[in-house]
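Data first, discussion second: the structure below is written as structure tokens.
Excluded from the calculations below are hydrogen atoms, water molecules and symmetry mates; all remaining heavy atoms, backbone and side chain alike, are included.
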Amino acid sequence: TEELDDDMQKILILIKMKNGGKIGELFKFYHDEGGNLSYKSFQRKILKLNENKFISTEKIMGGSEGTTTMIKLPQEKKLTEF
């Protein structure tokens, strides 16, 4: 995690604090905590964290609030799963 830029480290900490959630809610929390990225840049950082397996994402299509991305922390693997 030391190789992540400051914004990505901050986003990862916020995701851990909130234990995941909807991307829009996490973006609002990020801004409330003093973050200054635009929503699109925030989405790119989330994508990069997902690609590097720091988090997992799942796109939810439709529903009452429209399409959203759910962000989750990866599950801890047990020793028996290796």
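Atom OH of residue Tyr30 and atom CD1 of residue Ile11 lie 5.5 Å apart, to the nearest 0.5 angstrom. Within the model, atoms CG of Leu26 and CE of Met70 stand 8.5 Å from one another, a figure rounded to the nearest 0.5 Å. Between the CD1 atom of Ile71 and the CD1 atom of Ile23 there is a distance of 4.5 Å, given to the nearest 0.5 Å. Interatomic distance, CG of Leu73 versus CG of Leu12, reported as 7.5 Å (0.5 Å rounding). Atoms CD1 and NZ, from Ile55 and Lys16 in turn, are 11.0 Å apart once rounded to the nearest 0.5 Å.
Salt bridge absent: Asp6 and Lys10 never bring a charged side-chain N and a carboxylate O closer than 4.0 Å.
Below 30°, between 30° and 60°, or above 60°: for Phe27 and Tyr39 the angle between ring planes is above 60°, a perpendicular geometry.
The salt bridge (charged side-chain N to carboxylate O under 4.0 Å, His left out) test applied to Glu58 returns Lys72, not counting sequence neighbours.
Checking side-chain atoms of Lys18 against main-chain N and O of Phe29 turns up no donor-acceptor pair under 3.5 Å. Between the side chain of His31 and the backbone N or O of Leu37, at least one donor-acceptor pair lies under 3.5 Å.
Contact between Gln9 and Leu4 at its shortest, heavy atoms only, is NE2-O, 3.0 Å.
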Which pairs would a plain distance check flag for residues 46-53, meaning a side-chain donor or acceptor within less than 3.5 Å of a matching protein atom at least two apart in sequence or in another chain?
| from | atom 1 | to | atom 2 | distance (Å) |
| --- | --- | --- | --- | --- |
| Asn50 | OD1 | Thr57 | N | 3.4 |
| Asn50 | ND2 | Thr57 | OG1 | 3.2 |
| Asn52 | ND2 | Lys48 | O | 3.0 |

